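All remarks here apply to the structure that follows.
Sequence lines set the chain letters: A, B, ... in the order given, protein chains first and strands last, and positions in each chain run from 1. Just so you know, these numbers use all the heavy atoms, side chains as well, and skip hydrogens, waters and symmetry mates. Please read all numbers here as calculations on a predicted model, not as lab measurements.
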Protein chains: 2
Amino acid sequence: MPRRHCARHGLREQVGRWTEPRDVILDVLSRSKGHLSAKEIYDALYSSHPGIGLTTVYRTLELFRRLGFIQKVASPDGQARYELRTEENKGHHHHLICLRCGKIIDYQDFADEELELVKKTEKALAQKHNFLILDHNIEFLGLCDKCRQAAGDI
Amino acid sequence: MPRRHCARHGLREQVGRWTEPRDVILDVLSRSKGHLSAKEIYDALYSSHPGIGLTTVYRTLELFRRLGFIQKVASPDGQARYELRTEENKGHHHHLICLRCGKIIDYQDFADEELELVKKTEKALAQKHNFLILDHNIEFLGLCDKCRQAAGDI
DNA sequence: TGTATTAATGAAAATGATTTTCATTAACTT
DNA sequence: AAGTTAATGAAAATCATTTTCATTAATACA
């Protein structure tokens with residue numbers, strides 16, 4: 001069985017058993033640029049590994065999230081989407097989301113300016129509302145290139 | 001039948017028929033400070049109007065959203081929540097969301113600073129990704145006062 | 001290198017929010 | 001006041017996700 005990612009990520013110590021599904025799902029995630037839904041991962045795997053069930057995909061994604069390997073993003077089309085955490089995107093949750101097809105695009109621009117404002121806001125809000133702030137989200141919603149055309153450019 | 005809100009909001013022209021469920025649901029929304037889920041609205045109505053079904057609540061919320069009277073916010077607990085659009089909150093979608101109970105708090109602080117950054121970012125992103133930006137969301141996720149205590153303040 | 005242990009899997013059923021269907025009711029038109 | 005048809009409510013359908021449980025297989029250990 002391929003141990004590609006197991007060695008690569010030093011997972012052995014953190015996960016009970018390193019299995020084929022976990023290996024292949026991590027592989028799909030690292031191959032893909034964008035954010036994939038559970039169903040999309042299941043479909044991508046189906047031709048090469050028809051045995052892997054959707055249940056396992058969900059369970060594995062939840063495991064990876066717990067381990068901090070991936071980030072889960074709620075998409076307005078109802079399916080959650082997941083992306084591998086990399087050095088670049090670590091700590092950033094800034095997205096461009098298409099309301100029509102659910103596609104999610106990361107952006108890095110203005111990250112510094114945003115971060116400054118976010119930190120300032122965070123501190124003030126935590127105090128004012130006695131809230132323990134653990135995370136934040138900044139997202140822009142609209143229509144992606146493809147869907148603008150499909151929708152007759154509105 | 002009470003026509004309270006029908007007159008108040010000048011709805012008659014915009015909606016086909018003004019009905020009791022629509023009237024009462026709008027009433028609940030305008031009475032409530034926070035963001036209510038469909039189920040919460042249904043429950044709030046149950047004692048005084050046991051006849052009104054959950055289906056109608058959903059349909060009415062969708063109508064109100066189409067008309068621009070309310071704003072729908074996705075909550076991480078899985079249920080969408082809705083708030084009446086008022087003069088103050090119009091154009092702002094800035095929320096403090098509790099990951100444990102789903103409670104949503106609006107905030108206005110830093111709205112001006114945020115808006116400036118948002119506009120700048122929006123323009124640049126729209127151009128770079130050929131995206132038609134229709135809306136944005138800024139949210140802070142964490143634990144509300146009550147849930148911090150329930151969770152032993154972590 | 002087998003073999004036992006038990007974590008991980010997959011199929012099917014369960015869940016929970018939301019949507020659809022369809023026969024009935026009632027708001028508005030005339 | 002009566003007809004038209006939009007709106008309703010109950011039940012069924014959907015859809016993403018979770019749970020259950022019997023089976024499989026990764027690791028430990030003899």
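With salt bridges taken as basic N to acidic carboxylate O contacts below 4.0 Å, one links A:Glu62 and A:Arg65. A salt bridge links B:Glu40 to B:Arg81: at least one charged side-chain nitrogen sits closer than 4.0 Å to a carboxylate oxygen.
Following rounding to the nearest Å, A:Lys72 (NZ) and D:dT17 (C1') show an atom-to-atom distance of 8 Å. Rounded to whole Å, atom P of D:dT8 lies 8 Å from atom CD1 of B:Ile25. C:dA7 atom P lies 13 Å from atom CZ of A:Arg66, rounded to whole Å. What separates CG of B:Leu54 from C1' of C:dA17 is a distance of 9 Å, to the nearest Å. If you measure from atom CZ of A:Arg59 to atom P of C:dG10, you get 8 Å, rounded to the nearest angstrom. To the nearest angstrom, P of D:dA16 lies 14 Å from CD1 of A:Ile41. When the P atom of D:dT24 is taken as reference, atom CD1 of A:Ile52 falls 17 Å away, rounded to whole Å. B:Asp77 has its CG atom 19 Å from the P atom of D:dA16, to the nearest Å.
At the phosphate of D:dA26, neither OP1 nor OP2 sits under 4.0 Å from any side-chain N or O atom of A:Arg22. Taking only side-chain nitrogens and oxygens, B:Thr55 never comes nearer than 4.0 Å to OP1 or OP2 of D:dG9. Here A:Thr19 reaches the OP1 or OP2 of C:dT9: one of its side-chain N or O atoms lies under 4.0 Å away. Taking 4.0 angstrom as the limit, B:Tyr58 places a side-chain polar atom (N or O) nearer than this to OP1 or OP2 of C:dT18.
Along DNA chain C, the nucleotide nearest to A:Gly53 and the one nearest to B:Tyr82 differ in position, and the one closer to the 5' end is contacted by A:Gly53. Positionally, the nearest nucleotide of DNA chain C for A:Gly51 lies more toward the 5' end than for the other of A:Gly51 and B:Lys39. Between B:Val57 and A:Gln79, the residue anchored closer to the 5' end of DNA chain D is B:Val57, taking for each the nucleotide with the nearest heavy atom.
The base of C:dA8 is not paired with the side chain of A:Arg17 by any donor and acceptor separated by under 3.5 Å.
Distance CD/A:Gln79 to OG/A:Ser37: 4.0 Å, rounded to 0.5 Å. Annotation: the span from B:Thr60 atom OG1 to B:Ile25 atom CD1 amounts to 3.5 Å, rounded to 0.5 Å.
For the pair B:Ala126 and B:Ile133, the tightest heavy-atom approach, listed with the atom from each and the gap, is N-CD1, 4.0 Å.
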